[in-house]
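Working notes, structure below.
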Amino acid sequence: MSENSFAASPGQTIGPFFHYALPYEGGGQLVPPAAPGSVFLHGTVFDGAGEPVPDALVEIRQADPHGHVPRREGSLHRDGHFTGWGRAATNASGRYLFTTLTPGPVHGGAAFFGITLFARGLLDRLFTRAYLPGESDAFTRSLTDAERSTLQIEADAEGGLRFDIHLQGPGETVFLTFPRHAA
């Protein structure tokens, strides 16, 4: 290591410290569970060895069922307004859960949830998309079948939406890079 290069210190990583300030009660409830049209979006976060990650944090941002992307912030106090944003921590089994609405396609495109993931050991958050069953767009069509399958939500037997996230290894979720987030 040269005199002018420095390694990241624990204070420069995003985990596990984010668990002390970011989760909040009701963060995973974008709508009440009994609200008309409510649906459970759930899944498990897995590490590279296929083990559940018990202390990750998952955020979603989405359109409403009509494809309108809410611009209203302030999900700590939703006051009955759908903000399209939520945050949920994984539990001891690596599972997360959101109660939300099924997003509609924005400007005629594919319907998906934008997902941000925080987890210990990551130097920065990860971004991906979870597409509703049968949805695709130019981006997903540019991927191999195996890659595309990592971005597809599965409908479960109870009418919920399941989206597992694999940080590494076989079936690794395709993660996205945005120009302003590039290293």
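Note that the numbering runs from 1 along the sequence shown for the chain.
Applying the side chain to side chain contact (heavy atoms under 4.5 Å, CB included) criterion to S149, with sequence neighbours excluded, gives no partner residue. Partners of E147 according to the side chain to side chain contact (heavy atoms under 4.5 Å, CB included) rule, which considers only residues two or more places apart in sequence or in another chain, are L143, T144, V174. Applying the side chain to side chain donor-acceptor pair (under 3.5 Å) test to T44 and every residue at least two apart in sequence or in another chain returns R95. Judged as a side chain to side chain contact (heavy atoms under 4.5 Å, CB included), and not counting sequence neighbours, the contacts of E51 are D47, A49. In this view, L132 and T102, P103, A111, F113, E135, I153, L161 satisfy the side chain to side chain contact (heavy atoms under 4.5 Å, CB included) rule, not counting sequence neighbours. Residues satisfying the ring pair (Phe, Tyr, Trp, His ring centres under 6.0 Å) test with F163, not counting sequence neighbours, are none.
By the 4.5 Å side-chain criterion applied to Ile, Leu, Val, Met, Phe, Trp and Tyr, V106 is assigned to a cluster that also includes V69.
Across all non-hydrogen atoms, the minimal contact from A63 to P70 is CA-CD, 4.2 Å. Here the shortest heavy-atom pairing between S136 and A110 reads O-CB, 3.3 Å. Contact detail for T150 and E172: the closest heavy-atom pair is CG2-O, 3.3 Å.
Each side chain to side chain donor-acceptor pair (under 3.5 Å) pair with one or both residues in residues 108-119, not counting sequence neighbours, would appear here, but there are none. Screening residues 151-170 for side chain to side chain donor-acceptor pair (under 3.5 Å), with sequence neighbours left out, gives H42-D156, R162-D164.
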Go through the steps for L117 and T128 under the test side-chain contact (heavy atoms from CB on, under 4.5 Å), then give the verdict. CA-CA 8 Å; L117 180 73; T128 191; over 6 Å; no

Test side-chain contact (heavy atoms from CB on, under 4.5 Å) on L176 and F139; report intermediate values, then the result. CA-CA 11 Å; L176 309 172; F139 168 65; 3.3 Å; yes

Dump the intermediate steps for side-chain contact (heavy atoms from CB on, under 4.5 Å) on L151 and T173, then the final yes or no. CA-CA 7 Å; L151 302 180; T173 300; 4.2 Å; yes

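In terms of modelled atom types and a separation under 3.5 Å, the side chain of T90 and the main chain of A56 share a donor-acceptor contact. Q62 places a side-chain N or O within 3.5 Å of a backbone atom of L101 that can act as its donor or acceptor partner. Checking side-chain atoms of R148 against main-chain N and O of T140 turns up a donor-acceptor pair under 3.5 Å.
Expressed to the nearest 0.5 Å, how far CZ of R129 lies from CZ of F175 amounts to 14.5 Å. Residue D124 holds its CG atom at 10.0 Å from OG1 of T177, rounded to the nearest 0.5 Å.
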Contacts under 3.5 angstrom, residues 34-41 side chains, donor-acceptor by atom type, not counting sequence neighbours:
{"residue": "S38", "atom": "OG", "partner": "P33", "partner atom": "O", "Å": "2.7"}
{"residue": "S38", "atom": "OG", "partner": "A35", "partner atom": "O", "Å": "3.1"}

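Annotation: side chain of L57 is in contact with side chain of R87 (closest heavy-atom distance under 4.5 Å). For the pair L30/W85, no side-chain contact is recorded, criterion being any heavy-atom separation below 4.5 Å from C-beta on. Annotation: side chain of Y96 is in contact with side chain of V45 (closest heavy-atom distance under 4.5 Å). A 4.5 Å side-chain heavy-atom check between F82 and T100 finds at least one atom pair inside the cut-off. Looking at L126 and F118, their side chains never come closer than 4.5 Å, going by heavy atoms from C-beta outward.
By the 30° and 60° cut-offs, the orientation of the rings of F112 relative to Y131 is tilted.
Cluster annotation: F46 and L122 are assigned to distinct hydrophobic clusters (Ile/Leu/Val/Met/Phe/Trp/Tyr, side-chain heavy-atom contacts under 4.5 Å, transitive).
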